[in-house]
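See structure below.
Note that ligands are numbered from 1 as they come in the structure, with each ligand's atoms numbered from 1 the same way. Note that this is a predicted model, so its numbers are computed, not measured.
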Amino acid sequence: MNTTTSAVTFNDFGLAEPILRAVTELGYRDPTPIQAQAIPIVLQGRDVMGAAQTGTGKTAGFALPILQRLMAHANASASPARHPVRALIIAPTRELADQIYANVAAYAKHTNLKSAVVFGGVDIKPQLAAMRAGCEVLIATPGRLLDHVEQRTVNLSQVEVFVMDEADRMLDMGFLPDIQRIINLLPASRQNLMFSATFSGEIRKLAESFLRQPVSVEVARRNAAAENVEQLVYRVPDADSKRAAVAQLVRDRQLAQVIVFTNTKIGAGRLARQLERDGLNASAIHGDKSQQERLATLEAFKKGEIVVLVATDVAARGLDIAELPAVINYDLPYSPEDYVHRIGRTGRAGASGVALSLMTGTDERLLDGIQKLIKREIPQQTLAIAGGGRPERGAGAAGERRRDEGAPRPPRPAREPREERAPRPAGRPDARPRGPALPGFSDDPFFFKPYESAPEETAAAAPAEGGAGGGLRRRQASRPVAALLGGKK
Ligand code: AMP
């Protein structure tokens with residue numbers, strides 16, 4: 001953790017002893033810059049708009065002062081009525097929700113404040129018991145939270161603090177209607193904190209619609225790609241050469257560990273299998289894997305048992321993986337903002353990292369969009385691939401490979417479905433009517449392009465499909481964000 005720019009100490013915030021003790025036990029010596037900025041403001045009860053990525057220590061930046069503010073309510077009663085939800089934290093993916101929960105639980109360890117997490121893609125039943133027991137701090141993904149609201153297993157009428165984490169990704173994943181419903185369930189008088197790694201026009205509109213005179217807290221330049229990350233684009237002859245290129249880069253650059261990003265789930269799975277055949281210790285993480293598989297893969301990667309983690313954007317979002325030396329973009333992302341998120345996986349907390357991107361002649365438009373967003377040109381090299389880089393036998397049908405791995409892309413690429421809801425076991429009693437966009441919705445570009453970045457920021461952003469799920473709630477989304485959320489604009 002880079003704590004060098006902060007002169008304050010944790011003792012300066014006036015945090016209660018049980019919270020300070022937990023922080024000390026976790027080995028946090030000094031507040032990170034975002035913590036130094038955010039903690040006093042959150043303690044004052046002010047709304048916050050935070051520009052910070054995961055990896056900056058932002059979770060403690062909001063969780064510690066929230067716990068401090070809730071200390072007045074801490075009690076040892078076993079009665080659920082004495083533990084209503086007072087702080088609600090929503091996050092776009094299960095992994096991020098789980099990570100926030102682990103942090104909050106650790107910070108609250110010596111207090112009588114209870115926390116819980118709910119996310120989709122897993123059986124709802126065990127969560128029902130946790131909800132019935134009561135918790136002061138609830139961390140949730142939006143869809144599953146609404147499932148609980150519908151089942152009346154959660155009551156949000158006593159929420160005092162509402163946190164929206166990774167707001168940009170939340171919009172990107174089509175959660176806006178869910179967020180609107182959730183906000184409508186909260187008491188009007190409350191504190192709001194919103195964090196986002198990037199700030200498109202849509203995000204600013206969302207912020208204006210529900211934050212009240214927010215204080216801006218910023219630790220990185222807006223939409224700045226990590227400064228300490230060496231970026232390089234490798235031109236390869238064609239899409240078929242990319243697998244060999246990845247293997248070669250991992251070996252030649254002696255990358256101890258790397259996340260390789262693909263644009264599709266099917267591409268991620270296939271690439272991991274091919275790399276394994278090439279003798280690399282690789283595994284894939286994407287939305288078609290079960291929650292258990294994803295957590296197990298992540299754990300193995302964190303332990304260093306897996307060298308190459310092949311991931312889709314959604315699956316990798318917000319993962320707190322310390323000291324990752326490199327990321328490789330097997331596919332250039334459709335959205336330039338995803339590039340910023342991807343390379344933010346490395347070079348964290350002052351460490352240096354490399355972000356290597358593979359591109360073919362058909363990817364020029366994607367590269368242009370990225371360079372426009374990060375306001376710099378990425379150096380390019382041509383990668384000569386040893387052995388010609390042709391795929392091995394059994395790597396899949398050539399047509400399928402071309403479609404999946406990039407070469408000639410359709411102008412409107414399909415997006416991954418909303419991660420937190422897939423896969424859902426068939427016939428689950430808690431399943432609400434969802435599924436693909438309803439008939440008649442398909443014409444409305446809003447559903448295929450959940451958020452629209454300011455033109456100067458994402459000039460070449462490809463429209464993205466809202467994905468499966470959302471069903472009826474999506475119908476409301478064709479009005480402007482601020483109007484949706486009761487804002488002034
Ligand atoms: P976050 O950005 O909240 O996901 O935090 C990234 C990582 O930094 C997590 O593993 C935290 O436990 C850790 N961390 C947060 N604050 C500090 C701190 N003040 N000192 C050292 N590590 C920290």
Please table the atom pairs, donor to acceptor, closer than 3.5 Å between any side-chain atom in residues 36-46 and protein atoms at least two apart or in another chain.
{"unit_1": "Q37", "atom_1": "OE1", "unit_2": "E218", "atom_2": "N", "d": "3.4"}
{"unit_1": "Q37", "atom_1": "NE2", "unit_2": "E218", "atom_2": "O", "d": "3.1"}
{"unit_1": "R46", "atom_1": "NH2", "unit_2": "Q213", "atom_2": "O", "d": "3.0"}

Quiz item: Should E95 and R169 count as an ion pair when the cut-off is N to O under 4.0 Å?
Solution: no
Quiz item: Are any of the N or O atoms of Y107 closer than 3.5 Å to those of ligand 1?
Solution: no
Exercise. In plain terms, say whether E208 and R204 are close enough for a salt bridge, that is, a side-chain N and a carboxylate O under 4.0 Å apart.
Key: no
Exercise. Record the part of V23 in heavy-atom contact with ligand 1 below 4.0 Å; permitted values are side chain, backbone, both and neither.
Key: neither
Self-check item: Contact atoms of ligand 1, heavy-atom distance to T59 under 4.0 Å
Solution: 1 (P), 3 (O), 4 (O)
Quiz item: Between F10 and ligand 1, which residue portion shows a heavy-atom distance shorter than 4.0 Å: side chain, backbone, both, or neither?
Solution: side chain
Practice problem: Pull out every atom of ligand 1 sitting under 4.0 Å from any heavy atom of G57, numbered as shown with elements. | Solution: 1 (P), 2 (O), 3 (O), 5 (O), 15 (C)
Quiz item: Side chains of H148 and Q127: is there a donor and an acceptor less than 3.5 Å apart?
Solution: yes
Quiz item: At the 4.0 Å heavy-atom cut-off, does I34 count as touching ligand 1?
Solution: no
Quiz item: Taking only residues two or more places apart in sequence, or in another chain, which ones meet E377 in a salt bridge (charged side-chain N to carboxylate O under 4.0 Å, His left out)?
Solution: none
Quiz prompt | Short N or O distance, D30 and ligand 1, threshold 3.5 Å exclusive | solution = yes
Quiz item: Which one holds for Q99 and ligand 1: side chain close, backbone close, both close, or neither close, with close meaning a heavy atom under 4.0 Å?
Solution: neither
Quiz prompt | N-O pairing of E136 and R86 below 4.0 Å | solution = no
